[in-house]
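This report refers to the structure that appears directly beneath it.
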Protein chains: 2
Amino acid sequence: MSEDSLFLRKLERFVSFSDDERALLKHHTRRTVQMPAKREIASEGQDPQYVHLIVSGFASRQKILEDGDRQIVAYLVPGDFCDLHVFILREMDHAISTLTPCTVAQLDSDDIAILCERPAIAKALWWSTLVDQSILREWLVNVGRRSAEERIAHLFCELMTRLRSVGLVDSENRFLLPVTQTELADTLGLTVVSVNRMIRNLRNQGMIALEGKQIVVRDVERLKAFSGFTDNYLHLDEKPPQRRGDRVAREEARNLSSV
Amino acid sequence: MSEDSLFLRKLERFVSFSDDERALLKHHTRRTVQMPAKREIASEGQDPQYVHLIVSGFASRQKILEDGDRQIVAYLVPGDFCDLHVFILREMDHAISTLTPCTVAQLDSDDIAILCERPAIAKALWWSTLVDQSILREWLVNVGRRSAEERIAHLFCELMTRLRSVGLVDSENRFLLPVTQTELADTLGLTVVSVNRMIRNLRNQGMIALEGKQIVVRDVERLKAFSGFTDNYLHLDEKPPQRRGDRVAREEARNLSSV
DNA sequence: CGTTATTTTGAGGATCTTCAACCATAGTGG
DNA sequence: CCACTATGGTTGAAGATCCTCAAAATAACG
């Protein structure tokens, strides 16, 4: 699958698209811009014009406190939509900022309107924001109730799982994580020093290895057990079982719409 | 306003309803159940049947870790919907549990379908879940980057603001907070001991006072400044300014639906 | 190849936790 | 009516985790 349709791979874990719908999605995400690292895609307080989709690169959702402290509240990886909420909550209460150089697709109000005429697409987009919400809950558990070392391990488990779902993890559980330790610290409610030491611990215990900006999870089961990771909150296995059948699912989707 | 339509007051901060729509909302939330304290409204792993609305009482969204630790990831106060996501994410990844005895309205799939046929209602429901998401982001900032004392102060500011929006705060900034210090600890990533001491600090500094289970914010500005609270993330002032006009808003709502 | 960003390490300290009581309150049953 | 129990709040002392400060080593970059 080509790089510019990773989001299709992600969404199709949840819904099945027709060729038609796939084409429509590709068409309305064709307008992209290149952004350098550490640049704001959307700013706090702003009334944004576009919905953004990360085509390549890593970005983050972040809040800055008065004292300059930063808390990263989400990682946006290739295939993720940044701000599907902008058409309801008109003022941004946080900023979206690139962590690395990014290719970002811009969808305007018309694009979204056309896409949402398709039930399967509308449902997939809502699914994606609800999963984001679920991830947020798990992050709160992470910083609220886990030790520094566990937090890092848990985040690595999550990223491995999310990146695998868009095909960015190789057979040896190796994936690119192009963020600095300072950024990890701002994500996990820790300091750089702590992050550095705890990563060292994980390496020394043979759970992970670093290869430049790549992380290799050497012992998946141990890393998961150590950090208490389960992937249920990512809701990745909704489609395969088809437990309630497509008919019911479509009916529900209709219920949720008709605005 | 009667107790059983606090959610109307909340939603109408954002959209205007016709008498018709108000009646419809009241009608489809008429089926209520009484629940004792510390009972699960919905359980993790479950495939839930109903969407729940808190009519009276306090409930929480929580996750339990393997070691029995608990993290509360949301407070659900009168007027809040608990689980609007259930028709898309079919498996609960967390539990919803009463903190006090509660009156809970149960809406089934048909209720939601009928309500969502009205654009204003559908939009209001999505607004409410997006605000929940925003609150979650701010909680992550709170636990990740603020001191114990600041976290408590911030939470009190938030609850005062949220409860005021449904008319549950009196003219002296007094409101009922029927949760134990243990529950506050599980909310803020702290221990009971810490919570107790920090609340004492806030009282000694004259920022708050306790009257049984009621909290009186004695110095709102100082409490806000101390905790770094701003209410932008609650998106409470969306309707009054009418900055973009009702026409545009309705058009956008239509875009987001049509599933 | 000099400059800047990032990672790493050490030492000391602060915040928050743990453990262990004790007190207050309210509900229960004899 | 009062001991009895359970729950929640409060306090003290000691310890652990994580932070702060500071500096060196390494990597990245024009």
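The figures that follow rest on heavy atoms only: side chains count, while hydrogens, waters and symmetry mates do not.
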Mind checking the OG1-CG spacing from B:Thr100 to B:Leu176? Nearest 0.5 Å is all I need. 8.5 Å
From [options], nucleotide with atom closest to [X] side chain:
X	options	result
A:Leu190	C:dT18, D:dC18, C:dC16	D:dC18
A:Thr180	C:dT9, C:dT6, D:dG8	C:dT6
B:Asn196	D:dC18, C:dT17, D:dT10	D:dT10
A:Arg203	D:dG9, D:dC19, C:dT8	C:dT8

Would you kindly give the [atom1]-to-[atom2] distance between [X] and [N], to the nearest whole Å?
X	N	atom1	atom2	answer
A:Asp69	D:dT20	CG	C1'	13 Å
A:Leu177	C:dT6	CG	C1'	14 Å
A:Leu210	C:dT6	CG	P	16 Å
A:Glu149	D:dT17	CD	C1'	12 Å
B:Glu150	C:dC16	CD	C1'	14 Å
B:Leu99	D:dT7	CG	C1'	16 Å
A:Ile215	C:dT7	CD1	P	11 Å
A:Arg200	C:dG10	CZ	P	10 Å

First encountered from the 5' end of DNA chain C, between B:Arg151 and A:Val193: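 Per heavy-atom nearest nucleotide, the more 5' residue is A:Val193.
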For A:Arg145 and for A:Val192, locate the closest nucleotide of DNA chain C by heavy-atom distance; then report the residue assigned to the nucleotide nearer the 5' terminus.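 In this pair, the answer is A:Val192.
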Counting only side-chain nitrogens and oxygens, does [X] get under 4.0 Å of the OP1 or OP2 atom of [N]?
X	N	value
B:Lys38	D:dT7	no
B:Lys213	D:dG9	yes
A:Ser194	D:dC19	yes

Map B:Glu183 and A:Arg146 onto DNA chain D by nearest heavy atom, then report which one ends up closer to the 5' terminus. B:Glu183
Could you pick out which residue, A:Ala148 or B:Gln181, lies toward the 5' side of DNA chain D when each is mapped onto its nearest nucleotide? B:Gln181
Between B:Ile54 and B:Ala59, what is the shortest heavy-atom contact and its length?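 Smallest heavy-atom distance, with atoms named: CD1-CB, 3.8 Å.
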Quick check against the 3.5 Å criterion: does B:Arg145 have a side-chain atom that pairs as donor or acceptor with the backbone of A:Gln71? no
What I want to check is whether the side chains of B:Thr161 and B:Asp231 have a donor and an acceptor closer together than 3.5 Å. no
Would you say A:Ser227 and A:Glu150 are linked by a side-chain donor-acceptor pair, where the criterion is simply a distance under 3.5 Å?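 Checked: A:Glu150/A:Ser227 side chains show no N/O donor-acceptor pair below 3.5 Å.
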Taking the inter-plane angle between the rings of A:Tyr233 and A:His154 on a 0 to 90° scale, is it parallel (under 30°), tilted (30 to 60°) or perpendicular (over 60°)?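 Parallel.
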Please confirm whether any donor atom in the side chain of A:Arg197 sits under 3.5 Å from an acceptor in the base of C:dG10, or the reverse. yes
Touch class at under 4.0 angstrom, heavy-atom based, for A:Gly189 against every strand present: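 Sugar-phosphate, no base atom in range.
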